[in-house]
There are 2 protein chains.
Amino acid sequence: MANGSSRATTLTDVARLAGVSVATASKALNGRAGVRTETRERVVDVAKRLAFQPNALAKSLLAGRTGTVGLLTSDMEGRFSLPIMMGVEDAFGAARTSVFLCDARGDSIREQHHVDALLSRRVDGLIVVGSRTEPRPSLGRGLPVPVVYVYSPSDHPDDMSLVIDNVAGASLAIQHLVTGGRKRIAHIAGDPGYQATHDRARGAEAALDAAGLSLACGRIHYGSWTEAWGRGATRMLLADEPAVDAIFCGSDQIARGCLEVLRDQGREIPDDVAVIGFDNWEVLTVNARPELTSVDMRLEELGRRAAQRLYEAIDERMTPGVEMLHCQIVQRGSTIPLN
Amino acid sequence: MANGSSRATTLTDVARLAGVSVATASKALNGRAGVRTETRERVVDVAKRLAFQPNALAKSLLAGRTGTVGLLTSDMEGRFSLPIMMGVEDAFGAARTSVFLCDARGDSIREQHHVDALLSRRVDGLIVVGSRTEPRPSLGRGLPVPVVYVYSPSDHPDDMSLVIDNVAGASLAIQHLVTGGRKRIAHIAGDPGYQATHDRARGAEAALDAAGLSLACGRIHYGSWTEAWGRGATRMLLADEPAVDAIFCGSDQIARGCLEVLRDQGREIPDDVAVIGFDNWEVLTVNARPELTSVDMRLEELGRRAAQRLYEAIDERMTPGVEMLHCQIVQRGSTIPLN
DNA sequence: TTGTATGCGTTATCAA
DNA sequence: TTGATAACGCATACAA
């Protein structure tokens with residue numbers, strides 16, 4: 001019985017060996033009433049001995065449900081889709097629902113292929129994960145299964161979308177710094193070609209405003225999502241406004257670059273300058289010196305929520321519109337309060 | 001026709017609307033001979049109009065093949081499993097085969113659940129991705145489908161395993177440094193609890209030996225897979241052997257720490273000291289200052305190869321044993337040759 | 001060229 | 001308590 005050489009056992013095999021009909025065997029194994037205990041035990045026993053696994057295809061064909069969902073992503077890094085997938089598995093219960101993961105690699109043709117393949121496999125629902133916060137083209141509303149858009153909302157208001165509240169997340173970051181006693185707070189933003197960049201900038205400004213503070217340096221610095229930009233911007237910042245005592249960075253990569261230059265220039269962190277990032281990407285935050293405080297987007301929770309929404313929609317309870325999830329601060333060494 | 005509200009169209013629907021029998025409709029859509037052109041066109045037309053997607057469940061039930069594979073991982077980061085999955089999708093052709101991704105989270109109970117679920121879904125094969133190079137327990141040879149173990153080999157010689165040649169990869173790294181004219185080469189290794197650590201150390205020593213060199217500092221430094229360890233080890237190294245002119249690090253994280261301390265102590269990279277990492281994890285290598293040369297494990301290729309092996313095995317052509325893939329150097333700014 | 005009938009593996013209904 | 005049978009959606013062998 002080497003791998004692949006043996007046909008999978010069917011209910012018929014079990015029934016025959018147990019000396020009953022398939023109907024009885026089915027009832028016995030599914031715990032349905034109306035089967036003698038002794039018979040049930042015999043059937044169960046045989047099933048176990050043959051390592052019988054009921055054919056989910058046949059079941060699904062009959063039930064009209066497969067217990068599978070498609071997760072459509074375009075994020076090669078897996079930075080977003082994997083935590084989200086964990087959340088999905090979690091919420092559904094790994095045993096009951098399996099996830100098809102498909103990567104469209106940013107190509108809409110390939111995406112359509114995947115959608116077709118998933119639909120023909122009769123997934124119960126689709127989760128579409130984007131890697132940018134700008135709205136993405138809807139898959140349309142003619143699909144035979146519900147769809148939840150995650151991270152990137154759909155551009156159609158009748159779809160269900162689940163997104164991160166970047167504005168509030170950035171406000172949280174600023175509030176965290178303000179609570180720590182910081183007065184001269186600067187913001188190094190990411191790529192201005194991203195909506196997330198502007199949302200975070202907006203959130204930062206609003207929170208500063210609310211705290212009666214204004215931006216150190218008078219303006220926000222826009223650049224890219226790289227450490228190199230973090231380094232360059234920090235140098236500029238220190239030249240323009242040497243008295244800066246806190247920096248909110250638009251991403252953890254930027255923050256890493258920022259930390260490096262601050263250290264190079266002899267600033268103590270967090271005593272002289274506090275630094276906070278965004279994303280809470282552990283390989284970056286935990287390895288930083290000192291460890292980097294960051295805004296966590298709670299992607300797993302996002303995945304769990306998506307699974308919930310999908311589950312409800314499968315049961316015909318759609319909740320169209322965009323739902324926002326809030327972020328949370330994960331505090332580490334780069335922002336110990338002054339006091 | 002909102003999401004989820006409409007039943008999927010079946011071949012029967014198409015046949016009825018086209019005014020033919022299901023058999024004729026089937027033949028027409030599958031390009032089988034024996035159907036009048038005019039009829040075929042009518043059927044195809046109707047199918048298109050109804051957005052008909054043949055039910056893969058029914059097809060599979062009949063064919064005994066599902067065109068799906070299960071990818072079993074235990075690597076939450078996705079550092080390994082995602083590139084491997086890309087390779088798999090690639091090799092199979094995204095349209096023909098879909099991948100169930102399951103994360104066991106290092107728990108063997110959960111793993112068994114996933115295996116059961118996948119088998120009951122009648123996947124055509126299983127790919128088991130580990131995150132360490134030590135052999136892992138075999139799923140056994142009684143399974144009705146072929147299994148390929150990737151990155152972590154199975155502990156049973158009759159299984160098919162696909163692994164990285166860490167020994168040769170480390171040798172490559174050393175050769176790269178030697179070719180660049182380096183004479184006093186040190187190695188900062190990772191966590192001694194990992195077999196990969198010792199394999200890489202062995203490969204490094206062999207290559208040094210072959211080049212007639214010996215380890216700068218006389219010994220290998222073992223620690224952990226962190227930047228902090230990279231920093232600490234580099235400090236020790238520079239104290240013990242200030243003349244070191246190249247450092248091979250057991251991982252990119254270690255290398256990042258190493259680079260940082262070298263810069264802190266005023267060493268020019270790569271002029272004074274060349275540094276090479278292992279993993280080629282882009283978020284780390286490309287953002288480093290200077291950008292980090294690293295050993296790439298070609299995980300996508302590993303995935304493609306796994307898909308191939310699986311595909312062959314599904315067609316009853318098993319190739320048991322452990323196959324090794326070689327690594328390759330990706331050169332960046334941290335190792336420009338001296339000359 | 002077209003249609004009818006059968007089977008894939010399962011569950012549910014109903015008759016025995 | 002058990003078993004025969006009809007679905008589920010499709011492809012195919014065979015009859016018309």
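Numbers restart at 1 for each chain; the letters A, B, ... are given by sequence-line order, proteins then strands.
Overall bending of the helix from C:dT1-D:dA16 to C:dA16-D:dT1, expressed as the angle between end axes built from five pairs apiece, is 60° (10° steps).
Between atom CD1 of residue B:I127 and atom CD1 of residue B:I84 there is a gap of 8.5 Å, rounded to the nearest 0.5 Å. One distance of note links CG of A:L72 with CD of A:Q112; it measures 9.5 Å at 0.5 Å rounding. How far CG of A:D158 is from CE of A:M318: 7.5 Å, rounded to the nearest 0.5 Å.
Within the nucleic acid shown, A:T39 comes within 4.0 Å of sugar-phosphate atoms alone, with no base atom in reach, counting heavy atoms only.
A salt bridge links A:E89 with B:R105: the closest approach of a Lys/Arg side-chain nitrogen to an acidic carboxylate oxygen falls below 4.0 angstrom. Taking the charged nitrogens against the carboxylate oxygens, B:D124 and B:R65 have no contact shorter than 4.0 Å, which rules out a salt bridge. Using a 4.0 Å cut-off between charged side-chain N and carboxylate O, B:K48 and B:D45 make no salt bridge.
Looking at residues two or more places apart in sequence or on another chain, you find a side chain to side chain contact (heavy atoms under 4.5 Å, CB included) between A:A47 and A:V14, A:L29, A:F52. For B:S108, there are no side chain to side chain contact (heavy atoms under 4.5 Å, CB included) partners two or more places apart in sequence or in a different chain.
Of all nucleotides in DNA chain C having an atom under 4.0 Å from a heavy atom of chain A, the first and last in 5' to 3' order are C:dG9 to C:dA12.
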Show me the donor-acceptor pairs within less than 3.5 Å that the side chains of residues 132-139 of chain A make with the rest of the protein, sequence neighbours left out.
| from | atom 1 | to | atom 2 | distance (Å) |
| --- | --- | --- | --- | --- |
| A:R132 | NE | A:E134 | OE2 | 3.3 |
| A:R132 | NH2 | A:G193 | O | 2.7 |
| A:T133 | OG1 | A:A196 | N | 3.3 |
| A:E134 | OE1 | A:Q195 | N | 2.9 |
| A:E134 | OE2 | A:Q195 | N | 3.4 |
| A:R136 | NH1 | A:E111 | OE1 | 2.9 |
| A:R136 | NH2 | A:E111 | OE2 | 2.9 |
| A:S138 | OG | A:G140 | N | 2.9 |
| A:S138 | OG | A:R141 | NH1 | 3.1 |
| A:S138 | OG | A:D159 | OD2 | 2.6 |

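A:V20 is listed as a side-chain neighbour of A:R42, based on a closest heavy-atom distance under 4.5 Å.
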Annotated protein contacts, base or backbone, on nucleotides 7-16 of chain D with a non-hydrogen cut-off under 4.0 Å, one of B, S, - each: BBBBBB----
